[in-house]
Protein chains: 2
Amino acid sequence: MRQTGTRDHLISTGLRLLHTQGFHASGVQDIIQAAGVPKGTFYTHFESKEQFGAEVLGRFWEQRAARTTAILSDETMSPLARLKAWFAGKITAKAESRNHAGCMIGNFSAELAVDSRLVRDRLASIFAAWTTLLATTIQEAVDAGEISITLPPETVAAFLIDAFEGAILRSKVDRDPTALIRLREIVFGSILVERHPA
Amino acid sequence: MRQTGTRDHLISTGLRLLHTQGFHASGVQDIIQAAGVPKGTFYTHFESKEQFGAEVLGRFWEQRAARTTAILSDETMSPLARLKAWFAGKITAKAESRNHAGCMIGNFSAELAVDSRLVRDRLASIFAAWTTLLATTIQEAVDAGEISITLPPETVAAFLIDAFEGAILRSKVDRDPTALIRLREIVFGSILVERHPA
DNA sequence: TTGCATAAACCGACCGGTCGGTCATATTGT
DNA sequence: ACAATATGACCGACCGGTCGGTTTATGCAA
């Protein structure tokens, strides 16, 4: 029987493997075996393992962007509350997960950014999109008078993402969410500080 | 001829390779070839590639700790000035380097923390030592009345390290030091803020 | 409605090369 | 003599990737 979703199936299976084990630690053989697909089929859908990796990274971001957008544009909450909810979601996700895989974006940045132009370019555009997403909500919080910032919202957003990636990396080593909780304290205590009207 | 420094030589050669190419992307063959040492010799000195990686990581930290300590305990500067000098050093190092390898500690955290218990444990102790180093200088800055902080110095130090690792990761993708400069602005603008006596 | 051409997808044996790791033997310093 | 080190040929497993051949869905002409 001819499958229609083989390509998708390979990507989602690969996403799980590449995310938890890393790119180089997962062979094409592992991936096709886990997906129950013969070797040749893999290469009818993807030029190379590298291109497959870039594709998988794209899928990861698609999913993450969808969830992030859902929280950050939830108009039942104030902009600042949305940012706090986003953080809270990250922390509980980390606390509940038992695989300690970290963030695929950070992992790929460390493992592939130097070697693979393809993956690096995709990472750059993902970082840019992520920054825009966060910057928008930060700007909304400023406009709503909830916070005041001294630097452009894009700068603050980019910092937040970087600091978040660093914290995720640390929590991967520690195998607990302490680093994320610590980051939240600093961010909402010293950077996105609520304005109390006098 | 019997060499006395073979082990050291392998470690420093491996340091260069593992740092720039990553752990999985560097074969044992690459390492021994670059070091000009036969295969067997590698395995008289190291049990496995994994153990070698942990050893190399240790060497990396030795060197980094030495340089960091030198700056952070330079009594010709005030504690806050030392922290700023430390940051400045990182930024110029990144701007001048052309390999975009990032920080080996972060890279290993992303690539090996899940798979290798050995490396993960070493990473944890490196993070702890690094935190202590920074926390000491932060405490000194507080004692000198240069800054005031609301959280324990260890917490601030750990945050600084995580945010720094995240910024390094980003600058690896961007291939420029923007993320580090941005981090400096935020850190010394909102977290380690100089007290101006009234 | 059938017959048929085409392209896409499926399939797994197979490729050369590299992987991490071993071993028997030789050489050295103490 | 003995232990530590040096040496490179060698190991089987696995690597990413290729190949020729088969099956299947689809468009179209008769």
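Side chains included, hydrogens not; waters and symmetry mates left out as well; all remaining heavy atoms used. Letters A, B, ... are given to chains in the order of the sequence lines, protein chains preceding strands, and every chain is numbered from 1.
- Atom-to-atom, CD1 of A/I32 to P of D/dC14 comes out at 13 Å; the value is rounded to the nearest Å.
- Distances shown here put every side-chain N or O of B/H45 at or beyond 4.0 Å from the OP1 or OP2 atom of D/dA4.
- In this structure, a donor-acceptor pair under 3.5 Å is absent between the side chains of B/T131 and B/E154.
- No hydrogens or angles considered: a donor-acceptor pair under 3.5 Å links the side chains of A/S78 and A/E146.
- One interatomic measurement links the two molecules: CZ of B/F42 to C1' of C/dC19, which rounds to 13 Å at whole-angstrom precision.
- The separation between B/R7 atom CZ and D/dT5 atom C1' is 13 Å, rounded to whole Å.
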Go through the steps to decide whether A/V156 and A/L192 satisfy the test side chain to side chain contact (heavy atoms under 4.5 Å, CB included), and finish with yes or no. CA-CA 9 Å; A/V156 178; A/L192 302 179; 4.0 Å; yes
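- Taking the ring centroids of B/F108 and B/F60, they lie at or beyond the 6.0 Å cut-off.
- A donor N or O paired with an acceptor N or O is found under 3.5 Å between the base of C/dG21 and the side-chain atoms of B/K39.
- In this structure, B/I31 atom CD1 and C/dT18 atom P are separated by 16 Å, rounded to whole Å.
- Contact check, B/Q29 against C/dG20: no side-chain N or O comes under 4.0 Å of OP1 or OP2.
- Nucleotides of DNA chain C nearest to B/T44 and B/K49 differ in position, and the one nearer the 5' end is that of B/K49.
- Rounding to whole angstrom units, CG of residue A/D115 and C1' of D/dG16 are separated by 15 Å.
- Between B/F23 atom CZ and C/dG20 atom C1' there is a gap of 10 Å when expressed in whole angstrom units.
- Distances shown here put a side-chain N or O of B/Y43 below 4.0 Å from the OP1 or OP2 atom of C/dG21.
- At a threshold of 4.0 angstrom between heavy atoms, the contacts of B/G27 are confined to the sugar-phosphate backbone, with no base atom among them.
- For A/H24, no side-chain nitrogen or oxygen approaches OP1 or OP2 of C/dC19 to under 4.0 Å.
- Residue A/D30 contributes atom CG, which lies 16 Å from atom P of D/dA13 at whole-angstrom precision.
- For B/H9 (side chain) and B/A35 (main-chain N/O), a donor-acceptor pair under 3.5 Å exists by modelled atom type.
- Look at A/T6 and you'll find a side-chain N or O under 4.0 angstrom from OP1 or OP2 of C/dC10.
- Between the CD atom of B/E50 and the P atom of C/dG20 there is a distance of 13 Å, rounded to whole Å.
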